[in-house]
Amino acid sequence: MAPKRPNGAGAFPKPVESPAPQRPDPSELYAALDLGTNSCRMLIAQPKGSQFHVVDSFSKSVQLGHGLEKTGRLSRASMGRTISALRVCQQKIKRHKVKRMRLVATEACRRAANSREFIRAVKRETGLSLEIIAPEDEARLAVISCAPLVSTKTEQLLVVDIGGGSTELVWIDLSSVPHRDRPRAIMRLHAGFHQLESPFPAAKVVDWISVPLGVATLRDQFLDVEDDAARYALMSWFFEENLAEFAPYKDEQAREGFQIVGTSGTVTTVAASHLGLKRYDRTKVDGLRMTSDQIETVINRYLEMGPNGRRKDPRIGQDRQALIMSGAAILQALLRCWPTDRLSVADRGLREGLLYAQMSADGVLEDGPF
């Protein structure tokens, strides 16, 4: 016997009224897309005070540079994966009716013999116009993204952006800038590293370098070395050899008044491991300060784990276990040259720099001048 149907069954429930979130005005929105050697990342945001509010985002591992080290070309499979990801980005841009945007590609496209062909295919398939930016532009954008993390006590600043295909280092002298104005002086670098006369105190770029070795390209150089610890040591010393042309490399740096800001998946993963997070939490990682000794402890733990242990670690995972060791090798080489008690972890990078640069140029950020 069928159960008796209760009164009102199947009737529409009374709707619970709640205010719909106010859609942002499309005229206030900006998009920034960073297509790197490993990942495709995008942010859509609107200015809010001296910062910005993220409206939508996208991040996917596309491995655009897979096989590039051997062939010098982007593979058909890599381009296919990347164009699929870019279609999603295009849909988000269209949905939000974004008009102001900057969509850039970096080291993989700089190096690949068929990058122009790929850029044309992206335009044809998605309608998006990608711009291949120069290493100096990439370094500058990484620097301004980290401006909010710069301490007012910092006299000498090293910003490090460890990417998939390259690593950018920028050394900045802030000693002639009043303490309270130092983060703002970094933001003014959106106009270029070598600025014309300005009425505002200037951050002086002592030197910068783009090393064509990132977590993927450095790993690929030493794939034939089977021993985990030996491969790590070789990668670290090889990276340091590539710093010889960087002017501050020859100078010993006092720890007092010296700050490193590191922006990359490597640095944020090391920070998450240091904190013992079970699940990644950006609010706990972004802006965290670590010492050379704390970072060394985490890296030694990675070596003790070995490849299998790193694959099982929730902060690293299957896809990143090999990349984390090449990134750690770069990080250790830098700390061997410039040990510090203040390495600031930045969960931010090129996308944020692109947004700050666009908004600063349009004068829509408060608490200027930028």
Side-chain angles (χ1 to χ4, degrees), residues 29-59 89 98 100-107 109-110 130-150 157-172 174 182-195 203 205 208-210 214 259-268 282 286-287 344-365 367-370:
L29 295 180
Y30 292 78
L33 185 144
D34 166 21
L35 177 59
T37 302
N38 275 322
S39 303
C40 175
R41 300 185 179 98
M42 185 182 72
L43 287 177
I44 296 174
Q46 63 183 142
K48 188 173 184 180
S50 60
Q51 302 290 318
F52 54 76
H53 169 68
V54 175
V55 172
D56 205 346
S57 65
F58 177 81
S59 181
C89 295
V98 183
R100 295 178 178 89
M101 67 190 80
R102 195 168 177 203
L103 320 174
V104 306
T106 58
E107 186 67 13
C109 287
R110 286 197 291 262
L130 285 179
E131 167 194 0
I132 302 175
I133 59 171
E136 181 172 345
D137 287 334
E138 185 175 359
R140 178 173 53 81
L141 291 163
V143 166
I144 64 173
S145 75
C146 298
L149 301 182
V150 176
L157 174 69
L158 175 62
V159 177
V160 180
D161 181 13
I162 305 172
S166 65
T167 298
E168 280 67 46
L169 286 81
V170 185
W171 194 288
I172 301 167
L174 291 164
R182 286 174 182 177
R184 206 173 296 179
I186 298 294
M187 189 73 82
R188 292 189 197 110
L189 292 173
H190 77 84
F193 282 163
H194 309 289
Q195 298 183 60
V205 176
W208 73 274
I209 188 173
S210 180
Q259 181 182 4
I260 298 178
V261 177
T263 168
S264 70
T266 296
V267 181
T268 56
R282 184 185 187 276
D286 187 50
S344 296
V345 178
D347 185 349
R348 52 187 74 202
L350 207 54
R351 294 176 302 170
E352 288 82 359
L354 287 163
L355 289 172
Y356 278 132
Q358 290 180 85
M359 293 175 184
S360 295
D362 287 351
V364 294
L365 294 177
D367 301 331
F370 294 130

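Index from 1, following the sequence.
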[Y] side chain reached by [X] side chain, heavy atoms, under 4.5 Å:
| X | Y | result |
| --- | --- | --- |
| L189 | I172 | yes |
| P135 | R110 | yes |
| L33 | F58 | no |
| L174 | I186 | yes |
| D362 | R100 | yes |
| S166 | E138 | yes |
| R102 | Y30 | no |
| D161 | V170 | no |

Are the side chain of [X] and the backbone of [Y] linked by a donor-acceptor contact shorter than 3.5 Å?
| X | Y | result |
| --- | --- | --- |
| S360 | A357 | no |
| Q259 | L149 | yes |
| Q358 | A31 | yes |
| D34 | R41 | no |
| T268 | S264 | yes |

Where do [X] and [Y] come nearest, in terms of heavy atoms and distance?
| X | Y | answer |
| --- | --- | --- |
| Y356 | P148 | OH-CG, 3.7 Å |
| E107 | G165 | CG-O, 3.4 Å |
| V267 | G262 | CG1-O, 3.8 Å |
| C146 | R348 | CA-CD, 4.1 Å |

